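Everything on this sheet refers to the single structure shown next.
Note: hydrogens, waters and symmetry copies are ignored here, and every other heavy atom, side chains too, is used. Bear in mind that the values here come from a model prediction, so they are computed numbers and not experimental data.
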Amino acid sequence: IPGYGDSPPVEMAATAQGRRAFLSHVLQELGMQRPVLISPSMSGRFALPFLLAHGDQLAGFVPIAPVGTKDYTAEQYRAVQTPTLIVYGDRDTGLAPQALQNLQHLPEHRVAVLSGAGHACYLDKPEDFHRALLGFLRQLK
């Protein structure tokens, strides 16, 4: 993620609008048509603004305890029709409950809770994560 960790700061990543534009540019450059956007943790700062503005360009959305969910209103989430699989580990007591509380306003959502997994639930329980993800992907049109 540009501007996080050891990556150099990117001016575009300073605002939600800039992060949305950056992700839009990446998907365009990759030539992706209606991808499924998987968004763990810090990537929520990019994925959520994109979802709210361009959710119709996505076949699906898979937030995994993303940051930034509280930055948007229930009404904004309710306007999104993108099929969504909300994933989190039941041992993630920090970010997961807040993300779930906000993301549950997405009208086309379901939830997958990975038992015994923490914040990086896809690393803690990879088989359970992949099972949930593949089940979701099979349901998409």
Side-chain angles (χ1 to χ4, degrees), residues 1-137 139-141:
I1 299 174
Y4 293 97
D6 293 331
S7 66
V10 175
E11 189 175 326
M12 182 181 254
T15 66
Q17 183 178 354
R19 291 186 296 271
R20 180 183 74 221
F22 176 83
L23 183 53
S24 184
H25 180 73
V26 168
L27 295 177
Q28 186 177 356
E29 285 295 308
L30 293 173
M32 303 192 85
Q33 300 295 317
R34 294 187 41 81
V36 173
L37 182 58
I38 299 176
S39 176
S41 198
M42 289 302 285
S43 68
R45 292 270 186 229
F46 290 78
L48 291 169
F50 184 87
L51 174 74
L52 294 174
H54 306 296
D56 59 332
Q57 295 178 17
L58 299 172
F61 179 56
V62 183
I64 308 166
V67 301
T69 62
K70 68 184 183 319
D71 296 345
Y72 305 98
T73 66
E75 291 75 27
Q76 286 176 293
Y77 287 120
R78 284 188 198 109
V80 176
Q81 296 301 311
T82 307
T84 300
L85 176 65
I86 301 167
V87 181
Y88 67 94
D90 66 356
R91 292 190 179 167
D92 182 357
T93 57
L95 206 48
Q98 180 185 81
L100 178 63
Q101 180 180 0
N102 294 306
L103 294 172
Q104 69 186 353
H105 296 291
L106 291 165
E108 300 294 326
H109 83 272
R110 26 183 177 150
V111 178
V113 182
L114 304 189
S115 182
H119 183 61
C121 61
Y122 45 88
L123 296 177
D124 293 343
K125 298 286 183 168
E127 289 181 18
D128 294 343
F129 171 74
H130 287 106
R131 192 174 302 112
L133 178 61
L134 290 172
F136 174 69
L137 295 175
Q139 300 288 318
L140 297 177
K141 296 171 185 163

Test item: [X] and [Y] side chains (from C-beta on) under 4.5 Å apart, heavy atoms:
| X | Y | result |
| --- | --- | --- |
| N102 | K70 | yes |
| Y88 | V111 | yes |
| I38 | Y122 | no |
| L48 | L103 | yes |
| L85 | L137 | no |
| F61 | H109 | no |
| L51 | L106 | yes |
| P126 | H130 | yes |

*With distance as the sole criterion, is a donor-acceptor pair present between the side chains of H54 and S24 under 3.5 Å?*
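Absent: no donor and acceptor within the cut-off.
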How long is the span from the [atom1] atom in [X] to the [atom2] atom in [Y], to the nearest 0.5 Å?
| X | Y | atom1 | atom2 | result |
| --- | --- | --- | --- | --- |
| L37 | T82 | CG | OG1 | 9.5 Å |
| D56 | L58 | CG | CG | 8.0 Å |
| R20 | H25 | CZ | NE2 | 15.0 Å |
| C121 | F129 | SG | CZ | 6.5 Å |
| Q139 | R110 | CD | CZ | 5.0 Å |
| R34 | Q57 | CZ | CD | 9.5 Å |

Give a yes or no answer on whether the side chain of [X] reaches the backbone of [Y] with a donor-acceptor pair at less than 3.5 Å.
| X | Y | result |
| --- | --- | --- |
| Y77 | T69 | yes |
| Q76 | T73 | yes |
| D90 | G116 | yes |
| S115 | V113 | no |
| R19 | R45 | yes |

List the atom of [X], the atom of [Y], and the distance in Å for their closest heavy-atom pair.
| X | Y | result |
| --- | --- | --- |
| P49 | G44 | CD-O, 3.7 Å |
| P107 | R78 | CG-O, 3.4 Å |
| D92 | G118 | CB-C, 3.8 Å |
| Y72 | A16 | OH-CB, 4.1 Å |
| A65 | A99 | CA-CB, 4.1 Å |
| P66 | S39 | CB-O, 3.9 Å |

*Check the pair L114 / V87 against side chain to side chain contact (heavy atoms under 4.5 Å, CB included), numbers first and verdict last.*
CA-CA 7 Å; L114 304 189; V87 181; 4.3 Å; yes
